[in-house]
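Written out below as structure tokens is the structure these notes cover.
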Amino acid sequence: MSETWAGYTFTPRFYEIDGQGVMFNMWYLGHVDEAMAAFFIDRGLPYDGWRDLGFDAHVVHVDLDFAAGVRLRDVAEILVSPSRIGRKSFTLDFAFRRDGEIVCSGGLVYATVSADGHGTIVLPDLLVEALGEVRPLRG
């Protein structure tokens, strides 16, 4: 199984583009969320089934670094890769690629929580298996 996953592509919609002609910054995280969901579907652990399995994950930290913007009519691809798997949290790195060039990269730290609202829990084995091998996208 390839650990750096690139199964989500998109073309920004007109309303996602700001006055500078690039995708408005908040939309990057919306597309990352879609890519994360597709990443776990591809790995056999769809996010929409996690609560039924007794767990969920909450974003506790996010960072983004911009080198260039995604523009209207660009076809962008999002790479996703686990960069850290801890006891109760994990980090997914992501990178937006346009025409072979990385234009934005970052990471999301997720805390694993109990679906019944009783706080953080140890990462379930199913989740660790779905995450696969740690391969950071960033230095």
> Shortest non-hydrogen contact from Val32 to Ile78?
Replying inline: N-CD1, 4.1 Å

> Has the side chain of Arg84 got a donor or acceptor atom that lies under 3.5 Å from a matching backbone atom of Pro136?
Replying inline: no

> Arg43 side chain to Leu131 main-chain N or O, any donor-acceptor pair under 3.5 Å?
Replying inline: yes

>> Between Ser81 and Arg135 (side chain of the first, backbone of the second, donor and acceptor by atom type, cut-off under 3.5 Å), is there such a pair?
In response: yes

>> How long is the straight-line distance from CG of Asp63 back to CG of Asp93, given to the nearest 0.5 Å?
In response: 8.0 Å

> Taking the side chain from Trp50 and the backbone from Leu45, do they hold a donor-acceptor pair closer than 3.5 Å?
Replying inline: yes

> Shortest non-hydrogen contact from Thr11 to Arg73?
Replying inline: CG2-CA, 3.7 Å

> Under a 4.5 Å cut-off applied to non-hydrogen side-chain atoms, are Ile17 and Trp27 in contact?
Replying inline: no

> Would you say Arg51's side chain and Ala115's backbone share a donor-acceptor pair under 3.5 angstrom?
Replying inline: yes

>> Arg13: which residues meet the salt bridge (Lys or Arg N to Asp or Glu O under 4.0 Å) condition with it, sequence neighbours left out?
In response: Glu16

>> Tell me which pairs pass ring pair (Phe, Tyr, Trp, His ring centres under 6.0 Å) where either residue lies in residues 109-139, with sequence neighbours left out.
In response: Phe90-Tyr110

> Which heavy atom in Leu64 sits nearest to a heavy atom in Cys104, and how many Å separate them?
Replying inline: CD2-SG, 3.9 Å

> Judged by atom type as modelled, is there a donor-acceptor pair below 3.5 Å linking the side chain of Asp18 to the main-chain atoms of Gln20?
Replying inline: yes

> Backbone N or O of Gly49 within a donor-acceptor pair of the Asp52 side chain at under 3.5 Å?
Replying inline: no

>> For Asp125, I'd like to know if atom CG has over 12 heavy atoms of other residues, nucleotides or ligands within 6.0 Å.
In response: no

> Which of parallel (below 30°), tilted (30 to 60°) and perpendicular (above 60°) describes Phe10 and His31?
Replying inline: parallel

